[in-house]
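What follows is a short report on a single structure.
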Amino acid sequence: MANIILLGPPGAGKGTQAGKLVAERGMVQLSTGDMLREAKSSGTEMGKRVAEVMDRGDLVTDEIVIGLIEEKLKAGGGNGFIFDGFPRTLAQADALGALLAKIGQKLDAVIQLAVDDEALISRIVGRADEARAAGKPVRPDDNPEVFADRLRAYYKSTAPLIGYYYHAGDLFVVDGLAPIEDVARQIDAVLTQQLQ
Ligand code: AMP
């Protein structure tokens, strides 16, 4: 069992890789973005409050996302948790450490998906085009202007987590621009090493 964070800017491939780990290792994906979108579309009070913040590419408050994660941690983690899109701030990182300690668990690895901004922008445009072609709804925050704001939020609030986890000795960097299967192999190698 391993608890890991997938760390990287929006569009780095965190969701794709998390999906593979769920299928192949029976881990549980905790995506705060998915949880917030669910709250938004089901029209809960909290969903209504966060909708506007999400649509303009800003971060939702630490209190809300930490609350969401706390609830999910109580439900148990199968073969370990994959934190996808959480933590996104230093306060969230501290809270996650404390929540895991409370249930007698720890983080086994923080896997940074390293990518460059140009590649991200074309990925995001591609993700919107693909959704359109498949007749699926396009995420309102997957347009180039909002994406630029999401990237700024990443550099301001989330990128400092690279230093935080490097200092803690938990950071592993993989090449997020490699083909999906290669990225998956790199992540697998980290997990196998950490589980020994
Ligand atoms: P994502 O699907 O991870 O890109 O998240 C979509 C949006 O949800 C983000 O742009 C934020 O507005 C919000 N969000 C998701 N996770 C977090 C988080 N851990 N902290 C703050 N806001 C978040």
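Counting convention: from 1, in listed order, for ligands and their atoms alike.
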Taking NZ, NE, NH1 and NH2 as the nitrogens, is one of them in [X] or [Y] under 4.0 Å from a carboxylate oxygen of the other?
X      : Y      : result
Arg49  : Glu45  : no
Arg25  : Asp188 : yes
Asp141 : Arg150 : yes
Glu130 : Arg127 : no

**Q.** Polar proximity ligand 1 side, Val65 side, N/O cut 3.5 Å exclusive
**A.**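 Min N/O separation from ligand 1 is not below 3.5 Å for Val65.
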Who's the nearest protein heavy-atom neighbour of [atom], and how far?
atom                    : result
atom 14 (N) of ligand 1 : Leu36 CD1, 3.4 Å
atom 16 (N) of ligand 1 : Thr32 OG1, 2.8 Å
atom 10 (O) of ligand 1 : Arg150 NE, 3.9 Å
atom 9 (C) of ligand 1  : Arg88 NH2, 3.8 Å
atom 22 (N) of ligand 1 : Val60 N, 3.0 Å
atom 20 (N) of ligand 1 : Gln92 NE2, 3.0 Å

Q. Of Val53, Leu59, Asp34, Asp58, which has the heavy atom at the shortest distance from atom 12 (O) of ligand 1?
A.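 When every heavy atom of Val53, Leu59, Asp34, Asp58 is considered, Asp58 comes closest to atom 12 (O) of ligand 1.
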Q. Hey, does Met35 sit under 4.0 Å from ligand 1 if you only count heavy atoms?
A.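 The answer is no: ligand 1 sits nowhere under 4.0 Å from a heavy atom of Met35.
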Q. Could a heavy atom of Lys14 be found less than 4.0 Å from some atom of ligand 1?
A.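 For ligand 1, residue contact (heavy atoms, under 4.0 Å) with Lys14 is absent.
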(Q) Determine whether a donor-acceptor pair (N or O, by modelled atom type, separation under 3.5 Å) exists between the side chain of Thr32 and the backbone of Gly85. (A)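 Checking the backbone N and O of Gly85 against the side chain of Thr32, a donor-acceptor pair under 3.5 Å is found.
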Q: Check whether any side-chain N or O of Asn3 sits under 3.5 Å from a backbone N or O of Gly80 as a donor-acceptor pair, and report yes or no.
A: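 Answer holds: no.
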(Q) Taking 4.0 angstrom as the limit and counting only heavy atoms of Arg139, give me the atoms of ligand 1 inside it, by number and element. (A)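 Numbered from 1, ligand 1 contributes 1 (P), 2 (O), 4 (O), 6 (C).
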Q | Pro9: which of Asp116, Asp117, Leu120, Thr158 passes side chain to side chain contact (heavy atoms under 4.5 Å, CB included) | A |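 By the side chain to side chain contact (heavy atoms under 4.5 Å, CB included) criterion, Pro9 pairs with just one of Asp116, Asp117, Leu120, Thr158: Leu120.
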Q: Grab the two heavy atoms, one from Met1 and one from Asn79, that are nearest each other, plus how far apart they are.
A: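 Closest pair (atom of Met1, atom of Asn79, distance): CG-C, 3.4 Å.
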Q | Region of Met54 that comes within reach of ligand 1 [heavy atoms, distance under 4.0 Å] | A |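 Met54 to ligand 1: contacts from backbone and side chain alike.
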